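To keep things clear, I will list the structure first and then write my remarks on it.
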2 protein chains.
Amino acid sequence: MKEVSRKEEIIKTAAKLFKEKGYSAVTMRDIATAMGIKAASLYNHITSKQDILKTIIISLAEEFTQGMENIKSSNVSSLNKLKEVITLHISITSQNTYGMASLNNDWMHLEEQLPYYLELRSNYENEFRTILNEGIGNKEFANSDVEVMLFSMLSTLRSLYIWIPKKDDLNSEELSNSLSHILINGINK
Amino acid sequence: MKEVSRKEEIIKTAAKLFKEKGYSAVTMRDIATAMGIKAASLYNHITSKQDILKTIIISLAEEFTQGMENIKSSNVSSLNKLKEVITLHISITSQNTYGMASLNNDWMHLEEQLPYYLELRSNYENEFRTILNEGIGNKEFANSDVEVMLFSMLSTLRSLYIWIPKKDDLNSEELSNSLSHILINGINK
DNA sequence: ATATTTAACTAACACTTGTTAGTTTGCTTG
DNA sequence: CAAGCAAACTAACAAGTGTTAGTTAAATAT
């Protein structure tokens, strides 16, 4: 019924604070103050601080998994798959830069859900690696060290949450094009 | 003399724990336990938890500043300056992967030293940007968006602390070469 | 109008936090 | 041997932590 539930507001507020100071440094009283209520009132909507973190991270991780699955099953060249991966990162990150900070920096504070998260991440990296290997195999990509390629690209894509908020004048498509160009062609003349 | 080395041991142990869980989630009792002593005993050597973080981060930030200054004043092409920057990151990160995690993830928990840190970082990024702009100006680099180039490279270089420990079989020179190649030429055929 | 639900509140809890004070132990040096 | 000292210890603290219990006030549904 309601456009944004109270619980979603809390999670959003928490994610914003988590981005600024990290999960461990943010107290329930911080979150409550940011919403103009008392800490105990939060518990009418959420079950624990842990649960807030879990919700933020797991939903994002599953978005990435789903996105990668779609790309995998699409019937396009390796180069276009790679471009779609870049677009996927930009798209998810643009919609939730706060949450992406938690995904990147606070995943180790997941408890019961940690093994599940690690599995999703590992699968995602494997799919990414497969795209690169296929592209090398069919001569679309240069025959460089796959692990270095993967590391370099993932590092950049994972850092987008820091950079996108500073450049919100740039639209997603432009960003996707210029980032693709630089990741694929480098900076060389 | 001995006190200095004991202090360094504490800082090293702390940095290792900070990398695993982040500054805020690590307690003085965690650090003490990892050293086989009691928390109160740490205070014979260090003055506060804050001070440990400050020491880790500021010394690394100053290493980067010094390294960039040397590169700036060296009389080589823009391309070679860029390669030296890459080597600088690999070199500093290899020697202290734990500390680099704090630099990247816990700088916001600096207190009095935060403005100083931010100044060093801002200056560093400006010098990096200058190298790229000069390279574009004299046609050594492609005329792409400088900010995207800078962001992409810095993201990769700042993530080295995660990656280097997993690949310690690879030596620094090899890594420097293959990373330089991919950052400069991309992955295209 | 009455009953139910929503969402806030106060008060308190058991535990953990960084840190201080004062003391003890064992090595090194005059 | 005595003195000094580095480096550990125990005990404690005041503040802050996530969370629970029980209550209240207003909005909504019957």
Side-chain angles (χ1 to χ4, degrees), chain A residues 1-58 98 102 105-114, chain B residues 1-58 98 102 105-114:
Chain A
M1 279 291 196
K2 282 165 259 164
E3 310 305 314
V4 177
S5 76
R6 203 75 177 119
K7 179 173 182 175
E8 278 165 355
E9 277 187 74
I10 291 172
I11 289 170
K12 211 169 170 181
T13 303
K16 186 171 181 174
L17 295 175
F18 291 169
K19 183 186 176 190
E20 286 165 16
K21 307 170 38 177
Y23 173 73
S24 302
V26 174
T27 71
M28 296 305 280
R29 285 163 182 84
D30 288 337
I31 300 171
T33 300
M35 299 202 59
I37 61 178
K38 300 284 166 160
S41 305
L42 295 170
Y43 289 85
N44 287 319
H45 309 281
I46 52 100
T47 68
S48 67
K49 189 189 178 189
Q50 243 316 282
D51 190 58
I52 297 176
L53 185 70
K54 184 199 80 185
T55 303
I56 294 171
I57 294 182
I58 298 297
Y98 301 144
S102 298
N105 303 325
D106 287 316
W107 56 268
M108 71 286 281
H109 299 118
L110 290 171
E111 290 169 5
E112 316 95 79
Q113 307 275 344
L114 181 57
Chain B
M1 273 302 202
K2 272 183 229 159
E3 207 234 320
V4 173
S5 101
R6 198 75 177 124
K7 179 173 182 175
E8 277 165 2
E9 275 187 77
I10 291 172
I11 289 170
K12 212 171 171 180
T13 303
K16 187 172 182 173
L17 295 174
F18 292 169
K19 184 186 176 190
E20 287 164 17
K21 308 173 32 176
Y23 173 74
S24 302
V26 173
T27 70
M28 297 304 282
R29 285 164 181 84
D30 288 337
I31 300 170
T33 301
M35 299 202 61
I37 62 178
K38 301 284 166 156
S41 305
L42 294 169
Y43 289 84
N44 286 319
H45 310 283
I46 53 98
T47 68
S48 66
K49 189 189 179 191
Q50 238 323 277
D51 190 59
I52 297 176
L53 185 70
K54 184 198 79 186
T55 303
I56 293 171
I57 294 181
I58 298 297
Y98 301 144
S102 298
N105 304 324
D106 287 315
W107 56 267
M108 72 286 281
H109 299 117
L110 290 171
E111 290 168 4
E112 315 95 80
Q113 307 276 341
L114 181 57

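Everything quoted here is computed from the prediction, not taken from an experiment. Convention: sequence-line order gives letters A, B, ...; per-chain numbering from 1. The figures here come from the full heavy-atom set of this structure, side chains too, leaving out hydrogens, waters and symmetry mates.
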List for me each residue that meets side-chain contact (heavy atoms from CB on, under 4.5 Å) alongside A:Thr33, sequence neighbours excluded, and say none if there are none.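 Partners of A:Thr33 by the side-chain contact (heavy atoms from CB on, under 4.5 Å) criterion come out as none, since no residue qualifies.
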
Return the set of residues passing side-chain contact (heavy atoms from CB on, under 4.5 Å) with B:Ala40 (not counting sequence neighbours), or none when no residue passes.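 Here no residue qualifies.
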
Write out all pairs satisfying salt bridge (charged side-chain N to carboxylate O under 4.0 Å, His left out) with one or both partners inside residues 12-25 of chain A, taking only residues at least two apart or from two chains.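 Residue pairs with at least one partner in residues 12-25 of chain A: A:Lys21-A:Asp30.
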
Salt bridge (charged side-chain N to carboxylate O under 4.0 Å, His left out): which pairs involve residues 37-52 of chain B, sequence neighbours left out?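 For residues 37-52 of chain B: B:Asp51-B:Lys54.
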
Is any side-chain N or O of A:His45 closer than 4.0 Å to OP1 or OP2 of C:dT6?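 Indeed not, no polar side-chain atom of A:His45 lies that close.
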
Closest heavy-atom pair and its distance - A:Leu17, A:Val26: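 Of all heavy-atom pairs spanning A:Leu17 and A:Val26, the closest is O-CG2, 3.5 Å.
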
Tell me the closest heavy-atom pair linking A:Ser102 and A:Ile56, and the distance in Å.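 Residues A:Ser102 and A:Ile56, closest heavy atoms: CB-CG2, 4.0 Å.
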
Take nucleotides 9-21 of chain D nucleotide by nucleotide from the 5' end and write B, S or -, depending on whether a protein heavy atom sits under 4.0 Å from the base, only from the sugar-phosphate, or from neither. BBBB----BBBBB

Rounded to the nearest Å, what distance is computed from the NZ atom of residue A:Lys7 to the P atom of nucleotide C:dA8?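 These atoms are roughly 15 Å apart.
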
Of the residues in residues 10-20 of chain B, which ones touch DNA chain D at a heavy-atom distance under 4.0 Å?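 None, since no heavy atom is under 4.0 Å.
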
Can you sort out the partners of A:Phe18 under ring pair (Phe, Tyr, Trp, His ring centres under 6.0 Å), two or more places apart, ordered by chain and number?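 Result, ring pair (Phe, Tyr, Trp, His ring centres under 6.0 Å) vs A:Phe18: A:Tyr23.
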
Going by the rule salt bridge (charged side-chain N to carboxylate O under 4.0 Å, His left out), which residues pair with A:Asp106 if we only count those two or more places apart in sequence or in a different chain?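 Scan of A:Asp106 (salt bridge (charged side-chain N to carboxylate O under 4.0 Å, His left out), adjacent residues dropped) gives none.
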
